[in-house]
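First the proteins, then the strands, lettered A, B, ... as listed; each starts at 1.
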There are 2 protein chains.
Amino acid sequence: MAEHSTRERILDVALGAYGTDGFAATSLDALAEQLGVRKQTILYYFPSKQALFDAVVDEAARDLVRVFDEEASRGLRGIAQVEAIVRHVFRLAVSRPELLGLVREVTRPGSVTAERLAGHVAPTFDRARDFLQREMDAGRLRSSDPDMLLLSLYSTVVGVATELEVQRALGTPPSLRATVARRQELIRFLRAALAPEPGSA
Amino acid sequence: MAEHSTRERILDVALGAYGTDGFAATSLDALAEQLGVRKQTILYYFPSKQALFDAVVDEAARDLVRVFDEEASRGLRGIAQVEAIVRHVFRLAVSRPELLGLVREVTRPGSVTAERLAGHVAPTFDRARDFLQREMDAGRLRSSDPDMLLLSLYSTVVGVATELEVQRALGTPPSLRATVARRQELIRFLRAALAPEPGSA
DNA sequence: CGGGTTCTCTACCATTTGGTAGAGCCTGCT
DNA sequence: AGCAGGCTCTACCAAATGGTAGAGAACCCG
């Protein structure tokens with residue numbers, strides 16, 4: 001965020017551009033102009049456009065995983081833990097919307113980089129799945145297929161967060177108040193879906 | 001789906017390509033090769049690449065809206081109606097995955113075509129919102145902000161469907177049986193989230 | 001058959017793209 | 001001062017891209 005080295009500035013600007021416009025639609029020249037630098041400077045730090053993209057994905061994945069792992073290491077249980085992470089993702093969507101934009105760009109059927117991201121986040125996903133399974137067994141979450149539950153949670157949260165971003169891009173930027181209200185609604189929605197049935201342990 | 005006119009074949013192939021690879025990454029030459037036709041033939045039917053994309057969006061939006069409206073016109077109530085539509089979207093994800101891919105491509109922050117799609121689906125969204133509000137008032141759905149609920153439903157279903165597509169693109173294509181199982185899990189998930197609280201009308 | 005329309009072709013163009021080669025600058029070190 | 005290395009520049013290039021111009025084939029209708 002500060003006046004870091006050129007290399008870091010490149011990664012930063014590229015993350016934003018790839019996140020909003022996509023990889024193919026972002027030329028090195030466009031990035032260079034945004035940076036106030038010649039494109040050859042970019043190619044000095046990164047041997048090719050693809051290498052730059054990979055580096056951006058690596059960095060973003062590291063950030064994402066860190067956010068999740070930090071929040072997961074607090075040892076909360078059941079819905080409280082899920083809620084905490086959802087709040088975190090929303091905070092991320094407000095403070096660093098480019099991150100979710102990049103996730104959107106990478107996890108696309110045609111993307112060749114999906115595996116790269118998957119490699120980074122797989123351990124975190126595994127841990128999340130284990131957590132869900134454990135909490136279901138303990139009766140603190142409605143029991144269901146943990147894989148599917150994880151997928152639903154992921155899709156819902158990222159989807160809603162991204163949708164807010166789309167609305168911002170379109171004519172109707174949601175106010176901060178509206179965003180907060182929506183987050184609370186979403187949490188209520190998830191809470192209802194996750195609450196264990198009355199008759200369980 | 002059949003051996004239709006060249007124009008229809010172009011629209012068909014373009015839909016698939018734009019849906020998986022995105023607009024920017026799909027060149028007219030690539031489309032032409034896939035069609036067994038010269039690119040100038042494409043430009044004969046559509047004055048520019050952008051015009052072709054617009055036409056593809058228009059057609060896809062019409063298809064999407066039709067599917068929703070057909071299903072909504074059966075007059076089901078409460079969760080049953082929501083379920084029916086979710087099933088429909090899943091069927092769509094299996095039979096015409098390109099459609100959801102295109103939605104994904106268009107509803108991206110950087111997309112200039114988002115408004116175009118929005119124009120098509122807005123009436124359907126309005127009707128859906130009205131439906132949700134009505135069913136909440138009647139106590140057949142858990143009461144919450146209908147806008148948020150709609151957003152959550154949309155994000156969850158499209159997100160999960162797209163995710164299945166991504167997994168198919170990656171190493172682990174889910175079997176049809178697994179897909180069906182997941183759909184049932186998803187419906188259970190939504191059902192729990194939507195069920196009216198015990199103490200309501 | 002003849003004339004016009006519909007369609008697809010060959011040929012070409014200007015621009016943009018990712019990428020290379022190599023010269024110069026600036027900074028810090030001896 | 002001088003030199004070395006890190007960094008950014010000017011100058012190019014080959015390929016691909018979206019798009020244009022116009023010829024010719026195939027078809028329909030009289």
Side-chain angles (χ1 to χ4, degrees), chain A residues 1-60 102 105-106 108 110-114 116, chain B residues 2-60 101-102 105-106 108 110-114 116:
Chain A
M1 320 248 177
E3 213 73 35
H4 292 115
S5 73
T6 302
R7 190 192 149 90
E8 287 176 47
R9 284 184 54 230
I10 294 175
L11 281 173
D12 224 46
V13 170
L15 170 59
Y18 290 148
T20 55
D21 299 331
F23 175 72
T26 303
S27 71
L28 291 180
D29 285 306
L31 284 180
E33 190 182 5
Q34 213 173 326
L35 282 160
V37 140
R38 298 291 163 259
K39 123 178 96 166
Q40 288 71 9
T41 300
I42 299 177
L43 287 169
Y44 170 77
Y45 288 99
F46 305 92
S48 71
K49 188 190 179 187
Q50 183 63 49
L52 168 59
F53 186 64
D54 290 347
V56 166
V57 170
D58 287 346
E59 204 205 17
L102 190 73
E105 166 72 10
V106 169
R108 198 179 52 189
S111 169
V112 288
T113 324
R116 193 177 192 90
Chain B
E3 213 72 34
H4 292 117
S5 73
T6 303
R7 190 195 148 90
E8 286 175 48
R9 284 184 54 231
I10 293 175
L11 281 173
D12 223 46
V13 170
L15 171 59
Y18 289 149
T20 55
D21 298 331
F23 175 72
T26 303
S27 72
L28 291 180
D29 285 307
L31 284 179
E33 191 181 5
Q34 212 173 328
L35 282 161
V37 141
R38 301 287 164 259
K39 122 179 99 166
Q40 288 71 10
T41 301
I42 300 177
L43 287 169
Y44 169 77
Y45 288 99
F46 305 92
S48 70
K49 188 189 180 188
Q50 183 64 49
L52 168 59
F53 186 65
D54 290 347
V56 166
V57 170
D58 287 346
E59 204 205 17
L102 190 73
E105 166 73 9
V106 169
R108 198 179 52 189
S111 168
V112 288
T113 325
R116 194 176 193 90

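Between Phe53(B) and Tyr18(B), the ring planes are perpendicular. Angles over 60° get that label, and only those under 30° would be called parallel.
Side-chain contact between Leu35(A) and Ile42(A) is present, with at least one heavy-atom pair separated by less than 4.5 Å. Phe46(A) places a side-chain heavy atom less than 4.5 Å from the side chain of Leu11(A). A 4.5 Å side-chain heavy-atom check between Leu43(A) and Leu52(A) finds every atom pair outside the cut-off. No side-chain heavy atom of Ile10(A) sits under 4.5 Å from any side-chain heavy atom of Leu31(A).
Atom CD in Glu33(A) sits roughly 14 Å away from atom P in dG18(C) (whole-Å rounding). Straight-line distance from the NZ atom of Lys49(A) to the P atom of dG18(C): 4 Å, rounded to whole Å. In this structure, CG of Leu52(A) is placed 15 Å from P of dT17(C), rounded to the nearest angstrom.
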(request) Under the salt bridge (charged side-chain N to carboxylate O under 4.0 Å, His left out) rule, what do Glu33(A) and Lys39(A) come out as? Steps first, then yes or no, please. (result) CA-CA 8 Å; Glu33(A) 190 182 5; Lys39(A) 123 178 96 166; over 6 Å; no
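Across every non-hydrogen atom of Ala60(B) and Leu102(B), the tightest pair is CB-CD2, 3.5 Å. Here the closest heavy-atom approach between residue Gln50(A) and residue Phe23(A) is recorded as OE1-CZ, 3.6 Å.
Of all nucleotides in DNA chain D having an atom under 4.0 Å from a heavy atom of chain A, the first and last in 5' to 3' order are dG6(D) to dA11(D).
Among the protein residues, Leu28(A) comes within range of the sugar-phosphate backbone only, with heavy atoms under 4.0 Å from sugar or phosphate atoms but none that close to a base.
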Contacts under 3.5 Å, N or O only, protein and nucleotides 7-9 of chain C:
{"residue": "dT8(C)", "atom": "OP1", "partner": "Thr6(B)", "partner atom": "OG1", "Å": "2.7"}
{"residue": "dT8(C)", "atom": "OP2", "partner": "Tyr45(B)", "partner atom": "OH", "Å": "2.7"}
{"residue": "dC9(C)", "atom": "OP2", "partner": "Arg38(B)", "partner atom": "N", "Å": "2.9"}
{"residue": "dC9(C)", "atom": "OP2", "partner": "Thr41(B)", "partner atom": "OG1", "Å": "3.0"}

